[in-house]
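Below: the structure, in structure tokens.
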2 protein chains.
Amino acid sequence: MTDRAATPRTPQQPRYGTRPTMKDVAARAGVGLKTVSRVVNGEPGVTADTERRVREAIGALGFRRNDSARILRKGRTASIGLVLEDLADPFYAPLNRAVEEVARDHGALLFNGSSAENADRERELALALCARRVDGLIVIPAGHDHRYLEPEIAAGVATVFVDRPAGRIDADAVLSDNFGGARDGVAHLVAHGHRRIGFIGDRPTVHTATERLRGYHAALDAAGLPADDSRISLGPTTPERVAAEAQRMLTGPHPVTALFTGNNRVTATAVRVLARHPRPVALVGFDDLELADLLSPAVTVVAQDAARLGRTAAELLFRRLDGAGEQPRQVVLPTRLIARGSGELPPADTP
Amino acid sequence: MTDRAATPRTPQQPRYGTRPTMKDVAARAGVGLKTVSRVVNGEPGVTADTERRVREAIGALGFRRNDSARILRKGRTASIGLVLEDLADPFYAPLNRAVEEVARDHGALLFNGSSAENADRERELALALCARRVDGLIVIPAGHDHRYLEPEIAAGVATVFVDRPAGRIDADAVLSDNFGGARDGVAHLVAHGHRRIGFIGDRPTVHTATERLRGYHAALDAAGLPADDSRISLGPTTPERVAAEAQRMLTGPHPVTALFTGNNRVTATAVRVLARHPRPVALVGFDDLELADLLSPAVTVVAQDAARLGRTAAELLFRRLDGAGEQPRQVVLPTRLIARGSGELPPADTP
DNA sequence: TAGAGCCTGGACAACGTTGTCAAGAGCGGG
DNA sequence: CCCGCTCTTGACAACGTTGTCCAGGCTCTA
């Protein structure tokens with residue numbers, strides 16, 4: 001006697017309505033189970049009359065195939081997972097959308113979740129998705145050790161990292177040219193006469209932050225300018241910290257005449273600080289902002305193409321799923337300097 | 001002879017690595033299948049020594065439970081689906097995140113996808129999610145007929161609509177006070193002396209657009225001001241159309257002295273048009289914008305709390321899943337007028 | 001020491017689907 | 001008229017898990 005033998009069609013949880021199965025459809029249509037399966041999946045070998053009877057039964061019962069069972073049987077789930085830092089961050093929204101579009105083109109559904117910049121949460125989420133047997137995983141890493149994914153990758157879960165490379169494993173990654181973008185942005189300021197340029201970026205544990213800082217140094221080096229640690233600040237991108245650091249760099253005996261800000265959140269805060277500052281200060285920010293062109297001065301930015309990042313990663317993922325078994329590769333996408341005014345301000349006279 | 005009997009542990013698709021199952025773990029640990037299940041699920045009735053042996057085997061084989069099979073057996077999937085208009089729209093990003101947080105608190109994973117304002121695509125996506133047997137569905141409707149969801153809801157898929165009500169079925173919905181918000185925004189302009197106020201909104205098929213238009217009319221009525229159709233424009237929110245309509249309203253013999261814009265996209269375009277306009281024109285927009293406070297003049301908005309919208313909907317969904325079987329209800333959340341400057345400009349003299 | 005009771009562990013069916021295989025019907029050609 | 005062919009159809013096992021139930025070993029008490 002099993003758990004359901006006594007009351008054949010009454011589910012254990014009564015509030016969860018009972019759903020018809022192929023068996024029910026078959027019984028009602030007076031055909032075999034497999035025939036229903038054939039009709040549902042559009043397989044050949046069913047006469048028009050039989051098909052009609054089956055379709056009638058399907059309609060009458062409101063049957064919908066249970067894809068969980070299908071997945072179990074077939075092995076592939078036609079779903080992929082996206083683990084990103086924060087679904088609410090405007091930078092990641094287009095990336096998310098781009099991944100979704102590609103998934104849709106390949107008939108796959110998309111799971112997603114935020115790691116909230118927390119390595120444990122990233123891990124927990126990624127593994128939960130693997131337990132659901134997603135076919136592939138796109139991860140914007142929060143942590144720096146992704147060895148926990150090794151068994152999954154070995155088991156066939158295609159995995160692509162975006163925006164930041166994987167830690168301690170060899171895996172596909174799609175990145176922006178953070179180094180080159182930052183170098184170009186800072187060089188732009190240098191070209192407009194600035195010699196004391198501040199850099200405010202994300203915490204040094206974030207790969208993109210250090211890459212952008214490298215670009216900053218490279219631009220200064222190329223111009224023969226000295227780097228001064230007091231003009232460099234890496235840390236949390238909370239408005240409080242960023243505003244305080246900006247204020248600090250703007251005052252003192254040798255204030256900066258220009259700021260390079262390491263991401264969209266930092267830039268937004270910097271714009272607020274500069275708006276209240278008496279002296280004009282040049283600004284170039286990494287990441288584009290909505291309405292950046294309408295501020296005065298309009299904000300010059302180094303823009304990355306978030307949608308393209310997402311699209312490229314997803315396409316690479318599906319190529320892997322289709323059997324492309326080459327070595328893991330890193331794809332680096334270019335950034336684009338958009339000069340709008342704030343980066344073209346000349347150095348202001350300082351007191 | 002079945003499909004796998006000949007080569008017991010070689011999957012049909014060779015590129016998809018073989019994964020160990022509980023059976024494999026049991027064999028390796030020298031215990032029964034059910035004992036492994038007990039260990040994996042933390043069920044009591046396993047001695048410390050047996051548990052250790054099982055855990056060792058799990059580690060050695062890199063076993064991870066197949067949740068697809070678990071789902072099939074248990075009935076509940078611990079996942080919910082979110083169908084929204086556009087994952088990339090900054091307005092929906094915080095909503096998405098809020099839903100995800102609540103889902104996480106309830107141990108559920110989140111599927112999501114964009115309908116791209118297309119009713120067919122909404123339907124296709126929602127039904128695909130139902131086929132995956134999500135426990136619940138949160139939908140930002142694109143279409144106006146949701147009867148297709150009736151069998152699903154009857155079968156126990158908890159369903160909550162957000163931002164716009166469901167069409168032709170009685171279902172839970174969480175909405176913003178679009179009518180009241182628009183009325184307050186327009187009244188704000190009236191209070192600052194405006195008598196010719198333009199309204200540019202989304203297409204009349206979008207519920208929020210017509211509600212906001214109702215609010216516009218209500219505010220004019222309350223002030224005893226006549227409504228003039230030439231100052232009202234509903235349609236696609238493409239920059240081209242919005243810019244053209246704004247221009248049209250700003251010129252001619254009786255130009256508007258103020259604009260009320262029906263959503264974030266319209267507002268952004270209107271700001272661009274007004275920035276180039278010789279005469280100051282007051283502006284109040286529905287939906288807050290990032291950096292709105294930094295524009296000059298700063299943009300006065302009627303803000304909705306997208307995160308709260310999402311959170312409320314998700315909490316309602318999980319209450320339903322926990323068995324709250326009351327009548328469907330509509331929850332209306334308040335909006336908030338944020339005066340920043342652009343709405344407080346007095347009417348400019350017109351030629 | 002025997003009987004009762006508890007604890008641990010395993011055999012088995014079932015969740016709803018799909019792949020394999022075989023059986024029966026219908027039909028044409030030798 | 002029968003053989004063999006094609007075409008349609010259905011029976012059955014299996015995917016990997018969990019729930020039920022039973023068996024055997026152990027402890028405890030009388």
Side-chain angles (χ1 to χ4, degrees), chain A residues 1-13 16 18-27 29-51 53-54 61 63-78 131-133 155, chain B residues 1-13 16 18-27 29-51 53-54 61 63-78 131-133 155:
Chain A
M1 181 106 344
T2 71
D3 49 331
R4 286 187 62 171
T7 52
R9 290 236 51 82
T10 304
Q12 299 147 335
Q13 294 148 330
Y16 201 70
T18 173
R19 297 202 74 129
T21 71
M22 284 192 178
K23 206 163 150 187
D24 300 323
V25 174
V31 302
L33 182 55
K34 182 66 213 207
T35 301
V36 177
S37 172
R38 274 192 269 261
V39 171
V40 169
N41 294 298
E43 289 170 25
V46 181
T47 54
D49 184 59
T50 309
E51 172 163 354
R53 288 214 317 285
V54 171
L61 296 174
F63 167 79
R64 188 169 314 286
R65 182 179 62 196
N66 183 332
D67 275 357
S68 286
R70 172 170 226 251
I71 282 165
L72 176 61
R73 184 63 232 246
K74 302 206 78 149
R76 285 300 183 93
T77 61
R132 297 298 176 101
R133 294 294 187 270
Chain B
M1 178 105 356
T2 71
D3 49 331
R4 287 187 62 173
T7 52
R9 290 238 47 83
T10 305
Q12 299 148 335
Q13 294 147 330
Y16 201 70
T18 170
R19 297 202 74 130
T21 71
M22 284 195 178
K23 206 162 149 189
D24 300 323
V25 174
V31 301
L33 184 54
K34 183 65 215 211
T35 301
V36 177
S37 172
R38 273 192 271 260
V39 171
V40 169
N41 293 297
E43 289 170 24
V46 181
T47 53
D49 184 60
T50 308
E51 171 164 356
R53 288 216 315 285
V54 171
L61 296 173
F63 166 79
R64 189 169 314 285
R65 181 179 63 198
N66 183 333
D67 275 357
S68 287
R70 173 171 225 252
I71 283 165
L72 175 61
R73 184 61 231 243
K74 301 207 79 150
R76 286 300 183 92
T77 61
R132 296 297 176 103
R133 294 294 187 268

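None of these values were measured; they are calculated from a predicted model. Lettering of chains follows the sequences in order, A, B, ..., and the numbering in each one begins at 1. No hydrogens, no waters, no symmetry mates; every other heavy atom, side chains included, goes into these values.
- Rounded to whole Å, atom P of dT17(C) lies 15 Å from atom CD1 of Ile71(B).
- Looking at heavy-atom distances under 4.0 Å, Val40(B) makes no contact with the nucleic acid at all.
- Here the side chain of Lys74(B) is nearest to one of dT18(C), dG10(C), dT18(D), namely dT18(D).
- Under 4.0 angstrom from either OP1 or OP2 of dT8(D) there lies no side-chain N or O belonging to Thr47(A).
- Residue Lys34(A) contributes atom NZ, which lies 13 Å from atom P of dT9(D) at whole-angstrom precision.
- A donor N or O paired with an acceptor N or O is not found under 3.5 Å between the base of dT17(D) and the side-chain atoms of Arg70(B).
- Between Leu72(B) and Val46(B), the residue whose closest nucleotide on DNA chain C is further toward the 5' end is Val46(B).
- Counting atom types as modelled, Arg73(B) pairs no side-chain N or O with a base atom of dT17(D) as donor and acceptor under 3.5 Å.
- Here the shortest heavy-atom pairing between Val54(B) and Val31(B) reads CG2-CG2, 3.9 Å.
- If you check every strand for non-hydrogen atoms under 4.0 Å, Leu33(A) touches a base.
- Between the CZ atom in Arg70(B) and the CG atom in Leu72(A) there is a gap of 14.0 Å [rounded to 0.5 Å].
- In this structure, Asp49(B) atom CG and dT8(C) atom P are separated by 12 Å, rounded to whole Å.
- Interatomic distance, CZ of Arg65(A) versus CZ of Arg133(B), reported as 10.0 Å (0.5 Å rounding).
- Put simply, the side chain of Asn66(B) gets close to the backbone of Ser68(B): a donor and an acceptor are under 3.5 Å apart.
- Nucleic acid contact class of Thr50(A) (heavy atoms, under 4.0 Å, all strands): sugar-phosphate only.
- Among the protein residues, Asn41(B) comes within range of the sugar-phosphate backbone only, with heavy atoms under 4.0 Å from sugar or phosphate atoms but none that close to a base.
- We find that CZ of Arg38(A) is positioned 13 Å from C1' of dC12(D), with the value rounded to whole Å.
- Among the heavy atoms of the strands lying under 4.0 Å from Ser37(A) is at least one base atom, whether or not backbone atoms are also near.
- Rounded to an integer number of Å, the gap from Arg53(B) CZ to dG9(C) C1' is 11 Å.
- For the pair Arg132(A) and Thr77(A), the minimum side-chain heavy-atom distance is 4.5 Å or more.
- Atom CZ of Arg133(A) is separated from atom P of dT17(C) by 21 Å (rounded to the nearest Å).
- Asp24(A) places its CG atom 8 Å from the P atom of dG16(C), with the value rounded to the nearest Å.
- As rounded to whole Å, 14 Å separates atom P of dA13(D) from atom NZ of Lys23(B).
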